[in-house]
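Single-structure report; data block below.
Below, each value reflects all heavy atoms present in this structure, side chains not excepted, and no hydrogens, waters or symmetry copies. All values derive from a computational prediction rather than experimental measurement.
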Amino acid sequence: MQLAIQLIFAQLGSQAGIDEVLDNGAATSQSIAEGWDNQWLNLLQNTTSNSLYGALTTLGIFFAVGTLLFFMIQFLKDLISYEYSRPISALIWPFVVVILLSNTGNGNILSSLTLGVRNFINTVNQQVLVTADADKMYQQALSMSVAEEVAGSFLRPCQSLTGEQQRLCFTDAAEKVNILLQRYRNTYRNQNWIIRLQTKVDNIRYDKGFVSETSFNSLLGSTVQTSIKNFLISLQYAFQNLIEATMLLIAALGPIAVGASLLPVAGKPIFAWLTGFLSIGIAKISFNIIAVVTAAVIVNGPGQDVRVDPDLMWFIIFLGILAPILSLAVAAAGGFAVFSAISNTASLVKERI
């Protein structure tokens, strides 16, 4: 739907192409999602030596061999100082590293576990979207935010005309808007915000005199405002793709984190790696929760009142700038809590063994 809106902005002059633009936008969004899925499978399931993940696994094994020397020095030191209590519990790490980096033929265990965690995060994210966005609140709110911009872009050229030329221009523009509104009705049913926009366009088309000059100018808008909204919608869409790219990058660096985990330090790199991976997942889920909840406020509030003519620019700014910042802040706090929990659990297990 986001790409569909962007493509509408790009092809406002084509009446016959509106249906095709919407369909192509939805298909493009789906193809991008599938592209990320394919990239994950290609990266994590191809662990041959000439592949990217295979090369990083080899580097991780090199790190493991190099840090094994430091591990053995610390192990012998603990063996002398603490007899057998601490050294025995520390022996688990070489086994963990060997198991995770060993190749089973269809990829190493680490790649399978990483892909499993990513699938779990996506499943939770999808459940959140399905449960919280059952009535397509998010898509409706975005459509509400740009619908008047699209309608105004059709009507704006008529403003400089007069007489019969202006009337014909308004008629032609209204017919183009009606095609878009009909698609909205097919998707969201006959919502009040669609009725409100239809009424405003009809009043302008038939010159009923019911539309004030302020409301008329607000509907026509400006190319600058349209460009800003288009940029902000693209910005929040870019943020979602950035989340996917970051998760993929962290997943690819997993073998290095595992290989460096034999270093005799309190905070193991594998814990930091797992925390970062889960934190990005929290950011992804947080952003979608924020977007859906805010969209519900829009749709269930001003969207249900035909008499209200709200300015939803704040919603686009919120999605494009504030929601990504807020979701990253939540992810940072959640990541710190996860890292502390993992570190404390590891220390507790080490003491008990």
Side-chain angles (χ1 to χ4, degrees), residues 30-61 63-64 92-132 240-262 267-289 327-328 330-332 334-346 349:
Q30 183 64 27
S31 66
I32 289 178
E34 293 175 354
W36 279 115
D37 291 337
N38 293 334
Q39 191 61 39
W40 274 86
L41 294 175
N42 292 336
L43 177 67
L44 296 181
Q45 290 189 344
N46 184 8
T47 58
T48 58
S49 58
N50 58 348
S51 67
L52 175 60
Y53 197 80
L56 291 173
T57 301
T58 303
L59 182 60
I61 294 173
F63 269 68
I92 190 174
W93 283 110
F95 290 102
V96 170
V97 171
V98 170
I99 291 173
L100 290 179
L101 295 182
S102 61
N103 199 321
T104 60
N106 295 323
N108 57 44
I109 295 177
L110 178 62
S111 66
S112 300
L113 290 176
T114 304
L115 194 59
V117 173
R118 187 254 181 178
N119 291 337
F120 173 75
I121 292 174
N122 279 354
T123 300
V124 174
N125 182 65
Q126 190 63 30
Q127 289 176 347
V128 168
L129 291 177
V130 170
T131 303
Q240 296 183 42
N241 280 274
L242 179 63
I243 288 292
E244 289 288 344
T246 305
M247 286 186 68
L248 190 60
L249 176 61
I250 294 176
L253 296 177
I256 299 177
V258 172
S261 295
L262 290 180
K268 297 295 183 182
I270 189 174
F271 294 158
W273 171 78
L274 182 60
T275 300
F277 194 76
L278 293 177
S279 297
I280 295 299
I282 293 173
K284 181 177 182 178
I285 296 172
S286 298
F287 177 83
N288 287 323
I289 292 176
S327 62
L328 289 177
V330 171
F336 178 77
V338 170
F339 183 77
S340 299
I342 293 176
S343 298
N344 293 336
T345 302
V349 172

Separation between OG1 of Thr114 and CD1 of Ile109, rounded to the nearest 0.5 Å: 11.5 Å
Rounded distance [0.5 Å steps], CZ in Phe277 versus CG in Leu248: 9.0 Å
Side chain to side chain, Phe287 and Leu328, heavy atoms closer than 4.5 Å: no
Listed once per pair and sorted, the salt bridge (Lys or Arg N to Asp or Glu O under 4.0 Å) pairs that draw on residues 242-262, sequence neighbours left out: Arg118-Glu244, Glu244-Lys284
Pairwise side-chain contact, Leu262 with Phe63, heavy-atom cut-off 4.5 Å (strictly under): no
Trp40 ring center near Tyr53 ring center (under 6.0 Å): no
Straight-line distance of Leu44 CG to Leu113 CG, nearest 0.5 Å: 11.0 Å
Under 3.5 Å: donor-acceptor pair, side chain of Ser261, backbone of Ile270: yes
Contacts of Ser286 that satisfy side chain to side chain contact (heavy atoms under 4.5 Å, CB included) - sequence neighbours left out: Ile282, Ser327, Val330
Partner residues of Gln126 under the side chain to side chain contact (heavy atoms under 4.5 Å, CB included) criterion, sequence neighbours left out: Leu129, Val130
Full working for side-chain contact (heavy atoms from CB on, under 4.5 Å) between Leu115 and Leu41: CA-CA 8 Å; Leu115 194 59; Leu41 294 175; 3.7 Å; yes
Rounded distance [0.5 Å steps], CG in Asp37 versus CG in Asn119: 8.0 Å
From CD (Gln240) to CH2 (Trp36), nearest 0.5 Å: 12.0 Å
Pro255 vs Leu110 side-chain heavy atoms within contact, under 4.5 Å: yes
Heavy-atom closest pair, residues Ser279 and Ala331: O-CB, 3.2 Å
Value rounded to 0.5 Å, distance of CD1 in Ile250 from OG1 in Thr246: 6.5 Å
Trp273 (side chain) donor-acceptor with Val258 (main chain) under 3.5 angstrom: no
Polar side-chain atom of Asn42 near backbone of Asn38 as donor-acceptor pair, under 3.5 Å: yes
